[in-house]
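Fair warning: this is a prediction, and the values are worked out from it, not measured in the lab. In listed order, ligands and their atoms are each counted from 1. In this chain, residues are counted from 1 in sequence order.
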Amino acid sequence: MNQVGNLLLLPGDGIGPEVMGEVRKVVGWLGDRQGLKFECEEDLAGGCALDAHGVPMTEDTVKLAKDADAVVFGAVGVAKHDANPFHLKPEQGLLRLRKELDLFANLRPAMVFPALAEASTLKTELVEGLDILILRELTGGVYFGEPRGIETLADGTERGVDTQVYTTPEIERLASVGFELARKRRNHVTSVEKANVMHTGVLWRRTVTALHKKGYEDVELAHMYADNCAMQLIRRPKQFDVIVTDNLFGDLLSDAAAMLTGSLGMLPSASLGAPDAIGKRKALYEPVHGSAPDIAGEGKANPLAMLLSFAMMLRYSFDLGAEADRLEKAIATVLDKGIRTADIMQDGKTLVSTEAMGKAVVAELDRSLS
Ligand code: IPM
Ligand code: MG
């Protein structure tokens, strides 16, 4: 048995535990059938951590995450904590982890599986064969900029402040990841900001342009305003290869891109830190969908975004590209066979539960060995 690495599983809230259950099946399969053993620890994050410990992420959990080879994250968010002060919202658990592990590069690939082209809300010909990658900055910008807060003014009204802030090194380190990734794809980067109205946008465009000149001139570079990008994603999504953008724009654009693929339940993500002395990056893998409290506990959740995130982990954290391909192919085959969770259900297909979907994927993994 080959000991591959240590994982920290953080299922979180809502449908998080359900989709994580299907990850466990694949972990079990890799150990039993491929001799690839992952040591898994599990802990609380988000609303369930608030309930148990009074904070959305404990020091101990942060430490476990720092010590793990990779963190596999479900989802956070529960309505009953919505009114909490900011630092006690479930989402803060995730934001803290991103910041403390310095996971600045968030890869959100949006790929349309052939079987799902018709499930998109856009015309099939617009999305068929779509394969784009949104690279979102994840530890800066308006999510973390200071000052931030709500203050009461002398006249009793209130004033809310968030600060959008970026430095040259923050933009450079993200953009260089974008250029490197583009080289392994179709060699095209679209850098997205609002240089027409924001100073951070002006600096972003200038910095990306300079970096491009310095070492990436072989990659094609285009600049686009974020509002136009939102429109172009819906108008002609296949024009894009790699989109490099800031934290907030990346949050919005990746939800839009997700719908091109048929469902938010299909979009995986990887959040990576800088390589250390031996080239290893801190990493967290999570589906782009949230905790979906409306369907939590009903076995309706689509586990595929979670499983595709796990495939990204195999590829990026453990260099197990062949196993990642195998898992992605198993998922494609399951979809080809017409097996569907509710979010991607179409006429004439077979509606299954979260667990049955995971089981079908594992059955395909088995078949891939025979
Ligand atoms: C995402 C989510 C998070 C974000 C929330 C849960 C804090 O929407 O990962 O896209 O805004 O970054
Ligand atoms: Mg989001």
Side-chain angles (χ1 to χ4, degrees), residues 10-17 19-20 44-50 55-57 62 65 71-110 132-145 148 162-164 166 170 174 192 226 229-230 233 243-261 263-273 283-294 296 301-302 305-306 308-309 312-313 343:
L10 298 174
D13 306 319
I15 60 171
V19 295
M20 192 64 79
L44 302 174
C48 55
L50 271 163
V55 286
M57 169 103 2
V62 173
V71 180
V72 185
F73 201 94
V76 285
V78 216
K80 76 167 181 189
H81 292 297
D82 273 356
N84 287 7
F86 230 83
H87 67 287
L88 294 180
K89 284 186 189 292
E91 288 80 359
Q92 286 302 311
L94 176 59
L95 296 178
R96 172 152 185 225
L97 217 48
R98 289 175 178 171
K99 192 71 179 173
E100 293 230 14
L101 273 61
D102 200 20
L103 305 170
F104 67 93
N106 182 217
L107 285 64
R108 299 190 160 189
I132 62 180
L133 176 65
I134 297 186
L135 179 66
R136 167 187 178 193
E137 200 290 327
L138 204 59
T139 50
V142 75
Y143 272 61
F144 297 98
R148 55 198 287 112
D162 293 287
T163 303
Q164 165 82 341
Y166 273 108
E170 282 178 302
L174 182 78
V192 172
C229 182
L233 268 176
I243 293 176
V244 175
T245 192
D246 79 9
N247 205 342
L248 183 61
F249 295 142
D251 182 43
L252 305 178
L253 296 173
S254 61
D255 264 31
M259 269 327 284
L260 304 173
T261 71
S263 166
L264 201 49
M266 292 301 300
L267 211 72
S269 85
S271 306
L272 308 176
L284 179 147
Y285 299 86
E286 59 172 321
V288 171
H289 64 67
S291 56
D294 51 322
N302 181 350
M306 182 80 256
L308 290 166
S309 306
M312 292 183 86
M313 179 204 82
D343 57 311

**OP:** Assess D251: does it contribute an N, O or S atom lying under 2.8 Å from the Mg ion (ligand 2)?
**Re:** yes
Subject >> E286 and S271, any side-chain heavy atoms less than 4.5 Å apart >> reply: yes
Subject >> Option of least heavy-atom distance to atom 9 (O) of ligand 1 (set: R98, E286, K89, Q92) >> reply: R98
Original post:
Does R96 reach the main-chain N or O of M57 with its side chain, forming a donor-acceptor pair under 3.5 Å?
Top reply: yes
Original post:
Hey, does D251 sit under 4.0 Å from ligand 1 if you only count heavy atoms?
Top reply: yes
Subject >> Minimum side-chain heavy-atom gap L272-Y285 below 4.5 Å >> reply: yes
Original post:
Using a distance-only test with no angle check, is there a side-chain donor-acceptor pair under 3.5 angstrom linking D246 and Q164?
Top reply: yes
Subject >> Side chains of M306 and V72 in contact at under 4.5 Å (non-hydrogen atoms) >> reply: yes
Original post:
Can you tell me the protein heavy atom closest to atom 4 (C) of ligand 1 and the distance?
Top reply: Y143 OH, 3.4 Å
Original post:
How far is atom 1 (C) of ligand 1 from its nearest protein heavy atom, and which residue and atom name does that atom have?
Top reply: R108 NH2, 3.4 Å
Original post:
Has H289 got any heavy atom lying under 4.0 angstrom from an atom of ligand 1?
Top reply: no
Subject >> Min side-chain heavy-atom separation S269-R136 under 4.5 Å >> reply: no
Original post:
Any N/O of E91 closer than 3.5 Å to an N/O of ligand 1?
Top reply: no
